[in-house]
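Taking it in order: structure first as structure tokens, then the write-up.
What you are looking at is a predicted structure, and each value in this text was computed from that prediction instead of being measured. Hydrogens, waters and symmetry mates are skipped; everything else that's a heavy atom, side chains included, is used. We name chains A, B, ... by the order of the sequence lines, and we start the count at 1 in each one.
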2 protein chains.
Amino acid sequence: MEVITDNSRSQMRKGVLEYCILSVLDRKESYASSLIEELKAANMIVVEGTIYPLLIRLKNQGVLSYRWEESTQGPPRKYYCITDKGRMMLLQMDKEWNEMVKTIETLRK
Amino acid sequence: MEVITDNSRSQMRKGVLEYCILSVLDRKESYASSLIEELKAANMIVVEGTIYPLLIRLKNQGVLSYRWEESTQGPPRKYYCITDKGRMMLLQMDKEWNEMVKTIETLRK
DNA sequence: TTTAATACCTTGTATCGCAAAGTAGTAAAA
DNA sequence: TTTTACTACTTTGCGATACAAGGTATTAAA
């Protein structure tokens, strides 16, 4: 039973991660390790092997950009911030998300 | 731009299809072609290549069962219905879904 | 100089959604 | 009777994603 449950949980999250990451970065820029913590605080678990390739994809699509910044506590950090294109995409995702919430409500009333 | 949008739309839907299908079948049993129509009516587009393997997976997990029924309009139909295990899974999915809606609200306010 | 902590990156695997092509039963048209 | 059209179920192969696991590199403290 746990297997099925865990699977449905992780499956449901697929494709929503992008939306979550853009949402966080829309408020303030951040770097991967910090992003992971912020998402965890909002109950959305992500791991490194997921987030690094995803950030690179989003950057290659032009919805994110980054700059290096020195840290006083370790190696330099790659701070990502959302671009104008990213903000446009986020608005589109809001629409898609709201439609999906309505769809589920329709099916599950 | 369309590419990104289409991609984010289809990605967001990943993993939610199971939830939609169980929701429909929780109301009444149905067969694949009919399910596709019912989901389309609720704004959730699915195609054959997606739904047939998914129904088989859910049946193998024991959350669905099926029976053959003759049709007056063509070949026999495979009517799927939800099992007790499926109803338990559906309740769990309700929980997961509501948590995810809250998570998104938290991140995107 | 070794250890611990932080941070970024890559590889390999499993799974999913989907386009496309295939199989087969039924009924109506030629 | 054969062909065509419609319905329905199935399979194959591809692209994309999430993740476990392992790797590289910087900094500071022991």
Side-chain angles (χ1 to χ4, degrees), chain A residues 3-22 29-40 44-61 63-64 66-80 93 96 100 103, chain B residues 3-22 29-40 44-61 64 66-80 93 96 100:
Chain A
V3 177
I4 294 176
T5 300
D6 288 355
N7 190 45
S8 76
R9 182 185 203 104
S10 75
Q11 278 308 307
M12 265 194 190
R13 284 176 21 192
K14 283 198 178 178
V16 180
L17 269 180
E18 267 189 26
Y19 186 33
C20 291
I21 286 173
L22 288 185
E29 59 180 10
S30 188
Y31 61 101
S33 305
S34 170
L35 256 177
I36 290 174
E37 290 308 312
E38 295 170 69
L39 289 173
K40 191 191 288 178
M44 176 68 57
I45 307 295
V46 209
V47 294
E48 296 189 328
T50 299
I51 208 168
Y52 282 104
L54 180 47
L55 288 171
I56 290 167
R57 279 203 303 276
L58 292 172
K59 180 251 164 191
N60 289 339
Q61 285 177 16
V63 298
L64 294 183
Y66 70 81
R67 63 163 215 286
W68 286 101
E69 188 169 302
E70 296 299 320
S71 164
T72 58
Q73 299 253 327
R77 297 166 177 172
K78 218 173 181 177
Y79 275 84
Y80 282 91
M93 285 175 138
E96 311 283 6
M100 200 157 78
T103 296
Chain B
V3 178
I4 295 175
T5 300
D6 288 354
N7 192 42
S8 76
R9 181 187 203 102
S10 74
Q11 279 306 311
M12 261 193 193
R13 285 176 19 190
K14 282 197 180 178
V16 181
L17 270 181
E18 267 188 25
Y19 187 31
C20 292
I21 287 172
L22 288 185
E29 59 180 7
S30 188
Y31 62 101
S33 305
S34 171
L35 256 176
I36 290 174
E37 290 308 311
E38 294 170 69
L39 290 171
K40 190 191 288 177
M44 177 69 56
I45 308 295
V46 208
V47 295
E48 295 189 327
T50 299
I51 209 170
Y52 281 103
L54 180 47
L55 288 172
I56 290 167
R57 280 204 301 278
L58 292 172
K59 180 251 163 190
N60 288 338
Q61 283 178 18
L64 294 183
Y66 70 81
R67 63 164 214 284
W68 286 101
E69 189 169 303
E70 297 299 319
S71 165
T72 58
Q73 299 252 327
R77 297 165 176 171
K78 221 172 181 177
Y79 275 84
Y80 283 90
M93 285 177 137
E96 310 284 5
M100 199 155 80

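For the pair B/Y79 OH and D/dA8 C1', the computed distance is 11 Å after rounding to whole Å. Computed from coordinates, the B/I56 CD1 to C/dC16 P distance equals 13 Å when rounded to whole Å. We find that CD1 of A/I51 is positioned 17 Å from P of C/dT6, with the value rounded to whole Å. Computed from coordinates, the B/Q73 CD to D/dC9 P distance equals 14 Å when rounded to whole Å. Regarding B/E70, its CD atom lies at a distance of 12 Å from the C1' atom of D/dA8, rounded to whole Å. Between A/Y31 atom OH and C/dT6 atom C1' there is a gap of 8 Å when expressed in whole angstrom units. A straight line from NZ of A/K14 to C1' of C/dA14 spans 8 Å, rounded to a whole angstrom. The interatomic distance linking A/L35 (CG) with C/dC8 (C1') rounds to 13 Å, in whole Å.
Between B/I51 and B/L17, every side-chain heavy-atom pair lies at or beyond the 4.5 Å cut-off.
When the side-chain nitrogen and oxygen atoms of A/R13 are compared with OP1 and OP2 of D/dC19, one or more of them lie within a distance under 4.0 Å. Contact between the side-chain N/O atoms of B/Y52 and the OP1/OP2 oxygens of D/dT10 is not found at any separation under 4.0 Å. For C/dC9, one of the phosphate oxygens OP1 or OP2 lies less than 4.0 angstrom from a side-chain nitrogen or oxygen of A/K78. Close to D/dG15, at under 4.0 Å from its OP1 or OP2, lies no side-chain N or O of A/R57. Within the structure, every side-chain polar atom (N or O) of A/S33 is placed at least 4.0 Å from both OP1 and OP2 of C/dT6.
Across C/dC18, D/dC9, D/dC19, the shortest atom-to-atom separation from the side chain of B/W68 is found for D/dC9. Here the nucleotide nearest the side chain of B/L17, chosen from C/dG17, C/dT10, D/dT7, is C/dG17.
Heavy-atom distances to DNA chain D give each of B/S34 and A/G74 a nearest nucleotide, and the one nearer the 5′ end belongs to B/S34.
When atom types are taken as modelled, the side chain of B/R13 and the backbone of B/V46 share no donor-acceptor pair closer than 3.5 angstrom.
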(request) Any chance you could lay out the side chain to side chain contact (heavy atoms under 4.5 Å, CB included) test for A/L22 and A/L64, step after step, and finish with the verdict? (result) CA-CA 8 Å; A/L22 288 185; A/L64 294 183; 3.7 Å; yes
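Between A/Y79 and A/Y31, the ring center distance clears the sub-6.0 Å criterion.
Note that OH of B/Y80 and CG of B/L58 are 9.0 Å apart. Values are rounded to the nearest 0.5 Å.
Counting atom types as modelled, A/E48 pairs a side-chain N or O with a base atom of C/dC8 as donor and acceptor under 3.5 Å.
Counting any heavy atom pair closer than 4.0 Å across all strands shown, B/S71 reaches no nucleic acid atom.
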